[in-house]
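In what follows, a single structure is set out as structure tokens and then discussed.
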Amino acid sequence: MFLNRSVPQPHHNLGTKSPKASPNYIGLVRFLVQPFLESPETLSVDSEISDTLNRVWIRIAFESTDKGKVFGRGGRNIQAIRTVIAAAAAAAGQSVYLDIYGSTTPGREGMSFDEDTEERSPPPKTREARGNDGPKPIVKPRIR
């Protein structure tokens, strides 16, 4: 007998599919997001699973002061979190959608970071938006 060879195991229930258990999305998201938060108790996670569509919706909310840490430089942290959640969902045969909401402070519930306009500065006005009477660019002469 060769020790390096794997011995095929008999397959049971070949004709039936076993139902795949859905991952604990709430626990997974808490595990991934809480290390970035100054006050982890403010994290709110909600999950909705549709068995007929094989889709999962996860909604998270935390203090907007922690937004920069959770998102990371260039969105690297949140993209990594989304990748891990998507991999867990794919293993269960599901697709996942992650919605991130802003502050959990009273009076600002339901505001997603996409809707939170206080965090962004207005886009700079273009020359066309200013009109033709705006400052003209300075052209430097070329020296050869």
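Judged by distance alone, with hydrogens and angles left aside, the side-chain atoms of Asn77 form a donor-acceptor pair with the main-chain N or O of Lys69 at under 3.5 Å. The backbone N or O of Thr42 sits nowhere less than 3.5 Å from a side-chain atom of Ser39 that would complete a donor-acceptor pair.
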Under 3.5 Å, which donor-acceptor pairs link side chains of residues 79-100 to any protein atom two or more places apart or in another chain?
{"from": "Arg82", "atom 1": "NH1", "to": "Leu98", "atom 2": "O", "distance (Å)": "3.2"}
{"from": "Thr83", "atom 1": "OG1", "to": "Gln79", "atom 2": "O", "distance (Å)": "2.8"}
{"from": "Gln94", "atom 1": "OE1", "to": "Tyr25", "atom 2": "OH", "distance (Å)": "2.5"}

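To the nearest 0.5 angstrom, Ile78 atom CD1 is 11.5 Å from Lys67 atom NZ. Here the CZ atom belonging to Phe62 is positioned 11.0 Å from the OG atom belonging to Ser44, to the nearest 0.5 angstrom.
Under a hydrophobic-cluster definition in which Ile, Leu, Val, Met, Phe, Trp and Tyr are linked whenever side-chain heavy atoms come within less than 4.5 Å, directly or via other members, Leu43 and Ile26 are assigned to the same cluster. Under the 4.5 Å side-chain heavy-atom criterion for Ile, Leu, Val, Met, Phe, Trp and Tyr, Phe71 and Phe31 are members of the same hydrophobic cluster.
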